[in-house]
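Along the sequence shown, residues carry numbers from 1.
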Amino acid sequence: MKNKIKSRIILGVAIFCFLYIIFALRPLSTELHLAPDWTAVIDRIQNEKEDDELIPFRLGQTIGYFTEDGRIVKSLPYPFNAAISNNFYTIYSANNSNTIVYDAKGQQVTSITAAGFPFFADDRIFLFLPGGSALAQYSKEGDQLWEYEYYAPITSFASGPHGSVVGFADGFLISFLEDGTIDQSYFPGGSEIQVIMGAGISDDGRLIGCVSGQKQQRFIVSERNGEHSRIIFHEYLPKDFKHQVLVRFNKKADTAYYNFNGGLGIVDVTNSKSAHIPIDGVITQIEESTTQNLMFVLSHAGANYTITVIEPFDHVMGTFTFPAKSSFLQIRGNAVFVGKDNKVSRMTISKN
């Protein structure tokens, strides 16, 4: 009898040890490393090379371009406002009636003889027309491709390679194909006060996201499928934001990101699940490193900016905060470029 009890005890201990070893075998968590490479002051201009890839920046009242190896090749102060993208830039006044568009190397591309405020999305040129309720897209030759006017003011806008989306103060959301054809329009609704606070469109043109309403504000993702919108995800937010917010999709268009009052909302579109990461202040940029499968979120609260690094789907790998009056974030492959007031710094990403 004693031998049987002993055998059972030994067997039980062996099973426990075996199960402990099996379930304790977990991969060590990956650590993020950002190794500093260089820092450049934006008013110290250096020569540009013919094959340079130029990266845009906006810091305070200055726009310009720099290179991956740390040369500032263009730095332009502006008194009122400016627009800049990877492809184009312009500086304009409060009563702008003629927009001269330059490419990243400083060569004039075109001149748009129409009143309004310009906006560039990579190689796409838009003009928000006087009155605040109309916009138009222009070609590189300065010809108007299409125009749309509504009665309520525009409150949000986003453009991707396969179309654009516009939100209005009365809660109307409308999307356009590349040629300006309207393919979807509707009122997301669901709130006491209808207004679109932020909108985004996926790079493949398949999905649209928006933060909608006041007093029961909510986030919505819909599929672009012609005239009839199909909402595939929505959730109510705990607290309203009363200003414009950022909505962004990743390159694969399987995850959506948006700013809510208190943090970053993340939606796994494929599995219809969401997560919420506390972040103080307003999110100003969400940039993706496709080579490392990471999202970098730049936020601003008071006198500080914070960069939060997230890996799928909602794991925060790290954050760092720095004091600044203005900042920007750019990602190129394994390189992270961060602007702070009058400086640009490069860091290289690694995970192990």
Do the side-chain N and O atoms of [X] and [Y] include a donor-acceptor pair separated by under 3.5 angstrom?
X	Y	result
S159	R124	yes
T284	Y305	no
S299	D280	no
H300	Q285	no
T110	E141	no
N86	D122	yes
N293	T290	no
R71	Y65	no
N304	T321	no

| field | Verdict with supporting geometry, H243 and F241, ring pair (Phe, Tyr, Trp, His ring centres under 6.0 Å) | value | CA-CA 6 Å; H243 55 72; F241 241 159; 4.3 Å; yes
Quick check: does any side chain N or O of [X] sit under 3.5 Å from a backbone N or O of [Y], one acting as donor and the other as acceptor?
X	Y	answer
R218	C210	no
D240	K215	yes
D103	V109	no
T155	G167	yes
N271	K273	no
D179	T181	yes

Can you tell me how the ring of [X] sits relative to the ring of [Y], calling it parallel under 30°, perpendicular over 60° and tilted otherwise?
X	Y	answer
F176	Y148	perpendicular
F57	F66	tilted
F187	F172	tilted
Y150	F168	tilted

| message | Counting only heavy atoms not in K251 (residues, nucleotides, ligands), do more than 12 fall under 6.0 Å from its NZ? | response |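 No, NZ of K251 has 12 or fewer neighbouring heavy atoms, counting only those of other groups under 6.0 Å.
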Check whether any side-chain heavy atom of [X] sits under 4.5 Å from a side-chain heavy atom of [Y], and report yes or no.
X	Y	answer
V316	V309	no
T319	I307	no
H234	V221	no
L127	Y138	yes
I174	Q184	no
L173	V165	yes
T99	F117	no
S222	F233	no

| task | With K340 as the cation and F328 as the aromatic partner, state whether NZ or CZ is under 6.0 Å from the six-membered ring centre and within 45° of the axis. | result | no
| query | Of all residues at least two apart in sequence or in a different chain, which pass the side chain to side chain donor-acceptor pair (under 3.5 Å) check with D37? | reply | R346, T348
| said: Set out, in order, the CA-CA distance, both residues' side-chain angles and the distance that settles side chain to side chain donor-acceptor pair (under 3.5 Å) for T291 and N334, then state yes or no. | reply: CA-CA 7 Å; T291 58; N334 290 332; 2.9 Å; yes
Gap between atom [atom2] of [Y] and atom [atom1] of [X] - 0.5 Å precision:
X	Y	atom1	atom2	value
T90	F119	OG1	CZ	14.0 Å
R206	F249	CZ	CZ	8.5 Å
L207	S175	CG	OG	11.5 Å
I277	H315	CD1	NE2	9.5 Å

| request: Please report the C-alpha distance between D203 and H162 in whole Å, then the side-chain angles of each, then the deciding distance to 0.1 Å, and finally whether the side chain to side chain contact (heavy atoms under 4.5 Å, CB included) criterion is met. | output: CA-CA 7 Å; D203 279 0; H162 295 286; over 6 Å; no
| query | Are any of the side-chain nitrogens in D341 or K325 under 4.0 Å away from the carboxylate oxygens of its partner? | reply | no
| Quick one: do R224 and D183 make a salt bridge, cutoff under 4.0 Å? | yes
| Derivation and outcome, side chain to side chain contact (heavy atoms under 4.5 Å, CB included), residues S111 and N98 | CA-CA 7 Å; S111 178; N98 181 36; 2.8 Å; yes
| query | Is there a salt bridge (charged side-chain N to carboxylate O under 4.0 Å, His left out) between K252 and D254 once you walk through the steps? | reply | CA-CA 5 Å; K252 294 180 180 177; D254 59 10; 5.2 Å; no
Under 3.5 Å, sequence neighbours excluded: what are the donor-acceptor pairs made by side chains of residues 189-201?
| from | atom 1 | to | atom 2 | distance (Å) |
| --- | --- | --- | --- | --- |
| S191 | OG | Q216 | O | 2.5 |

| said: Test side chain to side chain donor-acceptor pair (under 3.5 Å) on R58 and Y78; report intermediate values, then the result. | reply: CA-CA 10 Å; R58 180 197 292 262; Y78 58 90; 3.1 Å; yes
| Between K239 and N261, what is the shortest heavy-atom contact and its length? | O-CB, 3.4 Å
| query | Step by step, would you call H276 with F260 a side chain to side chain contact (heavy atoms under 4.5 Å, CB included)? | reply | CA-CA 9 Å; H276 304 91; F260 69 91; 3.8 Å; yes
| query | Taking it one step at a time, do Y257 and N250 satisfy side chain to side chain donor-acceptor pair (under 3.5 Å)? | reply | CA-CA 8 Å; Y257 302 84; N250 66 346; 5.0 Å; no
| task | Assess whether side chain to side chain contact (heavy atoms under 4.5 Å, CB included) is satisfied between I286 and L246, documenting all intermediate values. | result | CA-CA 8 Å; I286 302 172; L246 192 62; 3.8 Å; yes
Name each donor-acceptor pair under 3.5 Å that joins a side chain in residues 38-51 to protein atoms two or more places apart or in another chain, with its distance.
| from | atom 1 | to | atom 2 | distance (Å) |
| --- | --- | --- | --- | --- |
| W38 | NE1 | E68 | O | 3.1 |
| T39 | OG1 | S345 | OG | 2.8 |
| E48 | OE2 | K105 | NZ | 2.6 |

| said: Against I232, only a single residue in V267, I220, V269 fulfils side-chain contact (heavy atoms from CB on, under 4.5 Å); can you say which? | reply: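 With I232 as partner, side-chain contact (heavy atoms from CB on, under 4.5 Å) holds for just one option, V269.
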